[in-house]
Amino acid sequence: NAGVMQNPRHLVRRRGQEARLRCSPMKGHSHVYWYRQLPEEGLKFMVYLQKENIIDESGMPKERFSAEFPKEGPSILRIQQVVRGDSAAYFCASSPPDSPNEKLFFGSGTQLSVL
Amino acid sequence: AQRVTQPEKLLSVFKGAPVELKCNYSYSGSPELFWYVQYSRQRLQLLLRHISRESIKGFTADLNKGETSFHLKKPFAQEEDSAMYYCALLSGGSYIPTFGRGTSLIVHP
């Protein structure tokens, strides 16, 4: 089991472009969390998804940000029309269906840099 | 609203010294608390949970409901303990852990 896989590791975008961040959860895991880490800050929750469902997106900015976790394929965090303030490390975590909140398994993160 | 406070951004100790990483939380119900650790060039991973009452790598943490704290302690720090440590809170009925901002522990030889 390769663990939670995030790609790309580093993503550079110019202002106004779109950023797509991918997360493949661990095998057998059906819960995915996205967190954002800004410099000097901790991990801030963004969105919690199960297969084909957004369970909680209370931490997601209302505009430009969206997330999905389709039946097949990885979870995608999409940021449209990126701005410099979106520069951060984005972490994905997954957990198994029978104990979704007991232990999170994290990916290595995607560092987004907006020029 | 629930909140996790880690007051120290950086904690620097010498090898063999005791270490305590502070974590305070605000939540009125019965929380579940966790410590996660991120070693250099590795992923964030669970270190321990208060509900398990376990000692991992010599670290322990006791939930103090009166002081709303969950400090992480180790009597004799080792160089390999140098890492970023995050305290996390899970409130009753929630599936979403709230993380503190993290404390960087540096253990000098």
Rounded to the nearest 0.5 Å, the CD atom of Gln38(B) sits from the OG atom of Ser108(A) at a distance of 8.5 Å
Residue pair Gln50(A), Tyr95(B): steps toward the side-chain contact (heavy atoms from CB on, under 4.5 Å) verdict: CA-CA 11 Å; Gln50(A) 294 178 22; Tyr95(B) 292 114; 5.8 Å; no
Step-by-step side-chain contact (heavy atoms from CB on, under 4.5 Å) determination, Leu104(A) to Tyr36(B): CA-CA 9 Å; Leu104(A) 266 57; Tyr36(B) 280 78; 3.5 Å; yes
Transitively linked via ILVMFWY side-chain contacts under 4.5 Å: Leu43(A) with Val37(B)? no
Check whether more than 12 heavy atoms from other residues, nucleotides or ligands sit under 6.0 Å from atom NZ of Lys73(B), and answer yes or no. no
Output for pair (Phe99(B) CZ, Phe91(A) CZ), nearest 0.5 Å, gives 10.5 Å
So, the part of Phe45(A) with a heavy atom under 4.5 Å from chain B: the answer is side chain
Quick one: which of Arg101(B), Arg43(B), Gln45(B) has the most heavy-atom pairs under 4.5 Å with chain A, could you say? Arg43(B)
How close do Ile96(B) and Tyr35(A) get, counting heavy atoms only, and between which atoms? CG2-OH, 4.1 Å
Is atom CZ of Phe76(B) surrounded by more than 12 heavy atoms (other residues, nucleotides or ligands) closer than 6.0 Å? no
Is it true that atom CD of Gln80(A) has more than 12 heavy atoms of other residues, nucleotides or ligands lying nearer than 6.0 Å? yes
Check whether Leu44(B) and Phe59(B) end up in the same hydrophobic cluster, where Ile, Leu, Val, Met, Phe, Trp and Tyr are linked by side-chain heavy atoms less than 4.5 Å apart. no
Residue Glu63(A) excluded, over 12 heavy atoms near CD under 6.0 Å: no
